[in-house]
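Working notes, structure below.
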Amino acid sequence: MADLKSTFLNVYSVLKKELLEDPAFEWSPDSRDWVDRMLDYNVPGGKLNRGLSVIDNYKYLKEGKELTEDEIFLTSALGWCIEWLQAYFLVLDDIMDSSHTRRGQPCWFRLPKVGLIAANDGILLRNHIPRILKNHFRDKAYYVDLLDLFNEVEFQTASGQMIDLITTLEGEKDLSKYTLSLHRRIVQYKTAYYSFYLPVACALLMAGENLDNHVDVKNILVEMGTYFQVQDDYLDCFGAPETIGKIGTDVEDFKCSWLVVKALEICNEEQKKLLHENYGKADPANVAKVKALYHELNLQGVFADYESKSYEKLIASIEAHPSKAVQAVLKSFLAKIYKRQK
């Protein structure tokens with residue numbers, strides 16, 4: 001794995017070099033330095049799971065055949081396109097949320113001399129994706145399908161972000177809007193398509209598959225993405241900060257979290273009143289009351305039940321798929337996230 005990661009990072013250096021010499025723009029030393037620093041700060045700093053999984057997925061689809069150098073480079077390039085998409089979303093997301101830190105360092109827009117230039121940097125990151133695709137996939141039969149896929153997934157993710165943002169508008173905090181179906185829609189569009197479906201769809205296209213024949217695969221991956229976000233919501237409250245690497249703030253942030261939705265479903269009138277009075281307030285005393293109620297309602301047990309049922313349902317859907325190679329891709333994804341602690 002370490003070897004794969006270093007190969008993957010080498011491809012980043014190649015792609016970055018090409019972008020900094022893009023002939024469509026007349027570069028100055030200042031502009032080149034800016035983009036160079038901006039890319040290094042925002043693109044390769046995460047866990048790189050989405051990008052690396054494109055290579056893994058493609059390997060499964062090739063059913064154990066050794067990948068050629070060209071195949072490793074191209075799957076890595078597609079993986080990096082997903083990491084670029086992620087960086088673009090995060091740079092703009094942090095501005096919208098007035099966040100302070102990202103991946104253990106200050107958000108890009110918080111740096112001296114960056115500020116709201118970061119909004120344009122987000123647009124640049126978005127525009128680098130078709131440049132990479134043009135440089136390396138223009139002669140491939142699936143080139144148009146790739147462009148179409150990235151455009152579609154970006155639209156779905158931005159639309160999911162929009163539902164999330166208009167649901168948590170300041171001054172309009174209304175818990176009664178929070179339902180399981182709203183939570184599911186936000187998660188499906190904001191997270192599941194780009195984090196789960198996109199890395200598999202990229203590998204399928206490279207393997208010569210038609211995505212229209214794999215709607216069932218998309219549905220399973222969206223289901224998996226939903227399960228992943230429910231885990232995230234759960235860990236935000238019940239996970240150990242030293243394990244998950246952050247202190248959860250969903251209660252303070254008035255998030256449409258799976259926990260609050262489930263709590264609203266099962267609590268009595270008095271408990272509901274307590275939730276309405278304390279949810280979305282930054283005071284630690286309010287947060288403590290909400291978390292105490294979560295314990296009282298045994299949301300840990302409710303989550304454990306949800307987790308085992310989701311797992312069984314996903315395994316059944318995966319095993320119903322006719323292709324063993326596609327099953328292997330989906331099972332490897334599920335194995336990475338089932339019962340995760342962070």
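The basis for the numbers below is simple: all heavy atoms, side chains too, and nothing from hydrogens, waters or symmetry mates.
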Residues at least two apart in sequence or cross-chain that pass salt bridge (charged side-chain N to carboxylate O under 4.0 Å, His left out) with Asp164, listed by chain then number, are Lys190
- request: Answer yes or no: is there a donor N or O on one side and an acceptor on the other, between the side chain of Asn57 and the main chain of Ala203, under 3.5 Å?
  value: no
Checklist entry - Would you find a donor on one side and an acceptor on the other, under 3.5 Å apart, between the side chain of Ser31 and the backbone of Trp27? => result no
Are the side chains of Leu111 and Arg37 in contact, using a 4.5 Å heavy-atom criterion?
yes
By salt bridge (charged side-chain N to carboxylate O under 4.0 Å, His left out), Lys47 pairs with (sequence neighbours left out) none
Answer yes or no: is there a side-chain heavy-atom contact under 4.5 Å between Glu265 and Lys262?
-> yes
- Message: Looking at Asp22 and Phe25, would you say the former's side chain and the latter's main chain have a donor-acceptor pair under 3.5 Å?
- Response: no
Show, in sequence, the C-alpha distance, side-chain angles and deciding distance for Gln229 and Asp233, and conclude whether the side chain to side chain donor-acceptor pair (under 3.5 Å) test is met. CA-CA 6 Å; Gln229 186 58 49; Asp233 292 354; 2.9 Å; yes
Side chains of Leu165 and Asp97, heavy atoms from C-beta outward: is any pair under 4.5 Å? yes
> When you measure from the side chain of Ser310 to the backbone N and O of Glu307, does any donor-acceptor pair fall under 3.5 Å?
Replying inline: no
| message | Tell me if the aromatic rings of Tyr88 and His128 count as close, with their centers under 6.0 Å from one another. | response | no
So salt bridge (charged side-chain N to carboxylate O under 4.0 Å, His left out) across residues 137-148, not counting sequence neighbours, yields none
Taken to the nearest 0.5 Å, the spacing of Asp56 CG from Asn49 CG works out to 10.0 Å
**Prompt:** For Glu270, does the CD atom have more than 12 heavy-atom neighbours from other residues, nucleotides or ligands under 6.0 Å away?
**Reply:** no
Item to complete: Determine whether Glu83 and Pro44 make a side-chain contact, defined as any pair of heavy atoms from C-beta on separated by less than 4.5 Å.
Response: no
Quick check on the 6.0 Å ring-centre criterion: do Phe109 and His100 meet it?
no
Practice problem: Could you check Tyr194 against Phe89 for ring pair (Phe, Tyr, Trp, His ring centres under 6.0 Å), going step by step and ending with a plain yes or no? | Solution: CA-CA 11 Å; Tyr194 93 92; Phe89 289 141; 5.3 Å; yes
Residue set satisfying side chain to side chain contact (heavy atoms under 4.5 Å, CB included) with Asn10, at least two apart, ordered chain then number -> none
>> Does any part of the side chain of Asn219, heavy atoms only, come nearer than 4.5 Å to the side chain of Glu223, both counted from C-beta?
In response: no
His214 meets the ring pair (Phe, Tyr, Trp, His ring centres under 6.0 Å) criterion, sequence neighbours left out, with none
Taken to the nearest 0.5 Å, the spacing of Leu124 CG from Arg131 CZ works out to 11.0 Å
When rounded to the nearest 0.5 Å, the distance separating CG of Leu259 from CG of Leu299 is 5.5 Å
task: Evaluate whether atom CZ of Arg185 has more than 12 neighbouring non-hydrogen atoms of other residues, nucleotides or ligands under 6.0 angstrom away.
output: no
When rounded to the nearest 0.5 Å, the distance separating CG of Asn298 from CD of Gln300 is 7.0 Å
Hits for salt bridge (charged side-chain N to carboxylate O under 4.0 Å, His left out) against Asp250, two or more places apart or cross-chain, chain-then-number order -> none
Strictly distance-based, threshold 3.5 Å: is any side-chain N or O of Glu312 a donor or acceptor partner for the main-chain N or O of Lys309? no
Sequence neighbours excluded, the answer for salt bridge (charged side-chain N to carboxylate O under 4.0 Å, His left out) partners of Glu296 is none
Discussion item. For Lys289, I'd like to know if atom NZ has over 12 heavy atoms of other residues, nucleotides or ligands within 6.0 Å.
Written reply: no
**Report entry** Ser176-Asp174 side chain donor-acceptor pair, cut-off 3.5 Å
**Finding:** yes
- prompt: Just by distance, do the side chain of Ser53 and the backbone of Arg50 share a donor-acceptor pair under 3.5 Å?
  reply: yes
- Query: Side-chain heavy atoms under 4.5 angstrom apart, residues restricted to Ile, Leu, Val, Met, Phe, Trp, Tyr: same cluster for Val260 and Val187?
  - Reply: no
With sequence neighbours left out, the residues meeting side chain to side chain contact (heavy atoms under 4.5 Å, CB included) with Glu277 are Lys273
With no hydrogens and no angle check, is any side-chain donor or acceptor of Asp253 less than 3.5 Å from a backbone partner on Lys255? no
Sequence neighbours excluded, the answer for side chain to side chain donor-acceptor pair (under 3.5 Å) partners of Asn127 is none
Taking the side chain as every heavy atom from C-beta outward, state whether Asp236 and Val251 have any pair of such atoms under 4.5 Å apart.
no
Flag side-chain contact, heavy atom, 4.5 Å: Leu175 against Phe254 = yes
**Message:** Check whether Ser99 reaches the backbone of Thr101 with its side chain - one donor and one acceptor, N or O, closer than 3.5 Å.
**Reply:** no
*asked:* Between Trp84 and Leu39, is there a side-chain heavy-atom distance shorter than 4.5 Å?
replied: yes
> Do Tyr12 side-chain atoms and Asp40 backbone N/O form a donor-acceptor pair below 3.5 Å?
Replying inline: yes
To the nearest 0.5 Å, atom CD of Glu209 lies from atom CG of Asn213 at 7.5 Å
Rounding to 0.5 Å, atoms CG (Asp94) and CZ (Arg103) come to a distance of 9.5 Å
Contacts of Gln156 meeting side chain to side chain contact (heavy atoms under 4.5 Å, CB included) (sequence neighbours excluded), chain-then-number -> Glu152, Val153, Tyr189, Tyr193
### Atom NZ of Lys134 with >12 non-hydrogen neighbours under 6.0 angstrom
no
Contacts satisfying side chain to side chain donor-acceptor pair (under 3.5 Å) that involve residues 105-118 (not counting sequence neighbours) are Trp108-Asp121
| query | So does Leu116 have more than 12 non-hydrogen atoms from other groups sitting under 6.0 Å from CG? | reply | no
- Message: Would you say Tyr58 ends up clustered with Leu146 if hydrophobic residues are merged whenever their side chains have heavy atoms under 4.5 Å apart, either directly or through other cluster members?
- Response: yes
Identify each donor-acceptor pair in which a side-chain atom of residues 316-334 lies under 3.5 Å from a protein atom, sequence neighbours left out, and give them as a table.
residue	atom	partner	partner atom	Å
Ser317	OG	Lys313	O	2.9
Glu319	OE2	Lys331	NZ	2.9
His321	ND1	Ser323	N	3.0
Ser323	OG	Ala325	N	3.3
Ser323	OG	Val326	N	3.0
Gln327	NE2	Glu319	O	3.4
Gln327	NE2	His321	O	2.8
Ser332	OG	Val329	O	2.9

Open item on the list: Between Asp70 and Thr68, does the side chain to side chain donor-acceptor pair (under 3.5 Å) criterion hold? Intermediate values first, please.
Closed with: CA-CA 5 Å; Asp70 190 44; Thr68 65; 5.3 Å; no
Exactly one candidate in Tyr294, Phe303, Tyr306 meets ring-ring contact (aromatic ring centres under 6.0 Å, His included) with Tyr234; the answer is Phe303
Original post:
Are the side chain of Gln271 and the backbone of Asn268 linked by a donor-acceptor contact shorter than 3.5 Å?
Top reply: yes
Item to complete: Indicate, with yes or no, if Leu4 and Phe8 share a hydrophobic cluster defined by side-chain heavy-atom contacts under 4.5 Å among Ile, Leu, Val, Met, Phe, Trp and Tyr.
Response: yes
